[in-house]
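What follows is a set of notes on a single structure, which appears directly below.
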Amino acid sequence: MSVDYQSLAVKGVQALSPYQPGKPIEELARELGLNPSEIIKLASNENPLGPSEKALSAARNALDEMCLYPDGNGFDLKQALARRFGVEMSQITLGNGSNDVLEVIARCFVDSDSEVVFSQYAFAVYPLVTQAIGARGVAVPAKDWGHDLDAMADAVTERTKLVFVANPNNPTGTVHTADAIEAFLDRIPEQVLVVLDEAYCEYLVGDEYPDGIRLLDKYPNLIVCRTFSKAWGLAALRVGYSISSPAIADILNRVRQPFNVDTVALAAATAVLEDEAYLQKSREVNEAGLQQLAEGFDRMGLSYIPSAGNFIAVEVGELAAGIYQALLAHGVIVRPVAGYGMPRHLRVSVGLPQENERFLDALAEALASAGLGA
């Protein structure tokens with residue numbers, strides 16, 4: 001090949017490594033010759049309940065229109081979101097998952113002369129989109145595995161265009177109270193946009209936790225991002241959204257790709273918003289699962305990071321990569337997080353009770369084989 005195509009890419013992209021998702025069940029089955037039906041995947045923070053029946057029914061009905069382009073404005077879904085959260089439809093931007101919205105925000109407001117502030121151990125997409133644009137990423141050291149909000153506010157300079165805050169945070173599961181988030185927002189200049197990534201907010205129960213949407217009137221520089229991939233159980237359909245001021249949403253919708261949310265996804269997301277029983281069951285299963293996993297780690301003498309999400313990061317030591325491989329051999333997929341700067345941890349998504357127990361049994365066996373058992 002006479003042309004070095006890597007050198008033709010923009011500088012920010014040349015140095016990027018692709019985002020690494022959790023290993024698919026089918027891939028592990030091919031690699032190790034395992035029966036796919038006997039593999040459990042606890043790697044990608046998916047809802048273990050399976051999809052809502054209301055979402056499934058709406059999705060099936062929408063298939064009759066697959067020959068037509070979707071509603072590019074997502075009217076029905078926007079209307080349902082506006083009704084649920086008490087906002088105007090003009091405040092909503094829809095995305096092909098919340099990742100899509102995060103990238104659109106960065107593309108709209110950040111350039112190569114800009115700085116973007118985010119936390120150490122925060123969601124990998126923040127530095128990825130920053131680097132792709134050619135901006136300078138400012139990774140603020142974490143505090144107790146979570147965001148050091150005071151230090152992040154201190155890191156804002158005249159070049160800062162955007163600050164990403166994940167609450168709860170992935171992959172550590174740490175969370176800040178409503179008071180802490182408001183105190184942070186009070187310190188951010190109004191010309192600096194703050195993205196409050198609330199992908200896991202549906203798992204938070206209690207008045208002490210923030211509802212970013214309720215803060216929009218007070219902080220016009222705030223953008224709240226959420227997803228249907230987690231508690232709402234629609235990860236495969238890729239539906240996310242942001243809610244902001246109408247002025248910011250207008251800018252985002254100028255750059256958002258046409259038809260970025262398909263007809264089936266729009267229908268399922270609109271329907272699932274009416275399934276409160278499904279959401280409540282998701283919360284109950286998650287709360288019980290977190291407790292089950294934490295108790296299992298306690299029995300094994302393992303340290304873990306208390307989590308407010310639907311996953312938990314457990315410390316298994318310097319042999320974490322080997323433990324991960326041993327779990328794969330048992331047909332159990334979890335998530336290594338060395339790429340997040342946490343080489344001693346594995347992140348485990350909450351599954352159904354029997355899946356959690358199977359993981360704990362496999363982990364105990366893997367640790368014992370490595371001479372690390374309690």
Side-chain angles (χ1 to χ4, degrees), residues 12 15-17 19-20 98-99 101-103 105-201 204 209-210 212 215 219 221-225 242 244 305-309 311 313 315 335 337-345 347:
L16 279 179
S17 297
Y19 176 80
Q20 294 296 322
S98 59
N99 284 15
V101 181
L102 296 173
E103 182 176 0
I105 292 168
R107 289 176 59 206
C108 283
F109 295 102
V110 176
D111 59 25
S112 58
D113 294 325
S114 307
E115 293 180 346
V116 177
V117 174
F118 44 81
S119 176
Q120 180 188 24
Y121 310 133
F123 187 34
V125 167
Y126 308 154
L128 281 176
V129 299
T130 300
Q131 185 173 333
I133 291 169
R136 178 175 180 265
V138 180
V140 177
K143 181 178 181 181
D144 298 325
W145 298 106
H147 293 43
D148 186 339
L149 294 178
D150 286 335
M152 291 178 69
D154 290 340
V156 172
T157 71
E158 292 182 355
R159 292 181 59 191
T160 305
K161 293 289 187 66
L162 197 61
V163 181
F164 285 111
V165 176
N167 201 57
N169 181 53
N170 172 32
T172 63
T174 52
V175 67
H176 286 284
T177 65
D179 289 344
I181 292 294
E182 288 202 56
F184 168 76
L185 291 170
D186 285 338
R187 295 191 57 195
I188 304 301
E190 62 181 0
Q191 72 273 16
V192 177
L193 297 181
V194 176
V195 177
L196 186 58
D197 186 350
E198 295 187 328
Y200 301 90
C201 68
L204 299 177
Y209 297 118
L215 299 175
Y219 302 100
N221 59 331
L222 179 63
I223 306 173
V224 178
C225 290
S242 69
S244 62
I305 305 170
S307 175
F311 55 87
E315 185 174 1
R335 182 68 181 272
V337 284
Y340 284 89
M342 301 170 63
R344 297 173 60 86
H345 287 77
R347 191 193 69 191

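Since this is a predicted model, take the numbers as computed values, not measurements. When a residue number appears, it is its place in the shown sequence, counting from 1.
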Margin query: If the condition is side-chain hydrogen bond (donor to acceptor under 3.5 Å, both in side chains), which residues does Asp186 pass it with, not counting sequence neighbours?
Written below: Tyr219
Check: Which heavy atom in Ala122 sits nearest to a heavy atom in Asn169, and how many Å separate them?
Finding: CA-OD1, 3.4 Å
Note to self: Can you give me the closest heavy-atom contact between Val156 and Pro189, atom names plus distance?
What the structure shows: CG1-CD, 4.1 Å
Checklist line | Gln191, CD atom: more than 12 neighbouring heavy atoms under 6.0 Å | finding: yes
Note to self: So which atom in Leu162 and which in Ala106 form the shortest heavy-atom distance, rounded to 0.1 Å?
What the structure shows: CD2-CA, 4.1 Å
Checklist line | Contact summary for Leu196 and Leu222, nearest pair of heavy atoms | finding: CB-CD1, 3.9 Å
Check: Does Val129 reach the side chain of Leu102, with side-chain heavy atoms less than 4.5 Å apart?
Finding: no
Next item on the list: With rounding to the nearest 0.5 Å, note down the distance linking OG1 in Thr130 to CD in Glu103.
Entry: 10.5 Å
Margin query: Has Gln120 got a side-chain atom pairing as donor or acceptor with Pro141's backbone, closer than 3.5 angstrom?
Written below: no
Next item on the list: State the CZ-CG distance between Phe123 and Asn99, to the nearest 0.5 angstrom.
Entry: 4.0 Å
Notebook entry, point to check: Mind checking whether Tyr200 and Phe311 have ring centres under 6.0 Å apart?
Noted result: yes
Note to self: According to side-chain contact (heavy atoms from CB on, under 4.5 Å), who are the partners of Ala180, at least two apart in sequence or on a separate chain?
What the structure shows: Leu149, His176, Thr177
Margin query: Nearest 0.5 Å, please: how far is CG in Leu193 from CD1 in Ile188?
Written below: 11.0 Å
Margin query: Among residues at least two apart in sequence or on other chains, which ones pass side-chain contact (heavy atoms from CB on, under 4.5 Å) with Val117?
Written below: Val138, Val140, Met152, Ala155, Thr160, Val163
Next item on the list: If a pair satisfies side chain to side chain donor-acceptor pair (under 3.5 Å) and one of its residues is in residues 146-155, list it, with sequence neighbours excluded.
Entry: Asp154-Arg187
Notebook entry, point to check: Partners of Glu115 by salt bridge (charged side-chain N to carboxylate O under 4.0 Å, His left out), sequence neighbours excluded?
Noted result: Arg136, Arg159
Notebook entry, point to check: Does a side-chain heavy-atom distance below 4.5 Å link Met342 with Pro171?
Noted result: yes
Notebook entry, point to check: Looking only at atom types and distance, does a side-chain atom of Ser242 sit under 3.5 Å from a main-chain N or O of Val101, one as donor and one as acceptor?
Noted result: no
Next item on the list: Check Thr174 against Gly146 and note the closest heavy-atom contact, atom names and distance.
Entry: OG1-CA, 3.2 Å
Checklist line | Heavy-atom closest pair, residues Ala308 and Pro168 | finding: O-CG, 3.8 Å
Check: Residues two or more places apart in sequence or in another chain: which of them pass side-chain contact (heavy atoms from CB on, under 4.5 Å) with Pro210?
Finding: Asn167, Ala178, Ile181
Next item on the list: Compare all side-chain heavy atoms of Val195 with those of Tyr126 and state whether any distance is below 4.5 angstrom.
Entry: no
Check: Are side-chain heavy atoms of Cys225 and Ile105 found at a separation under 4.5 Å?
Finding: yes
Notebook entry, point to check: For the side chain of Asn221 and the backbone of Val192, is there at least one donor-acceptor N/O pair under 3.5 Å apart?
Noted result: yes
Next item on the list: Find out whether Tyr121 and His345 are in side-chain contact, i.e. whether some heavy atom of one side chain is under 4.5 Å from a heavy atom of the other.
Entry: no
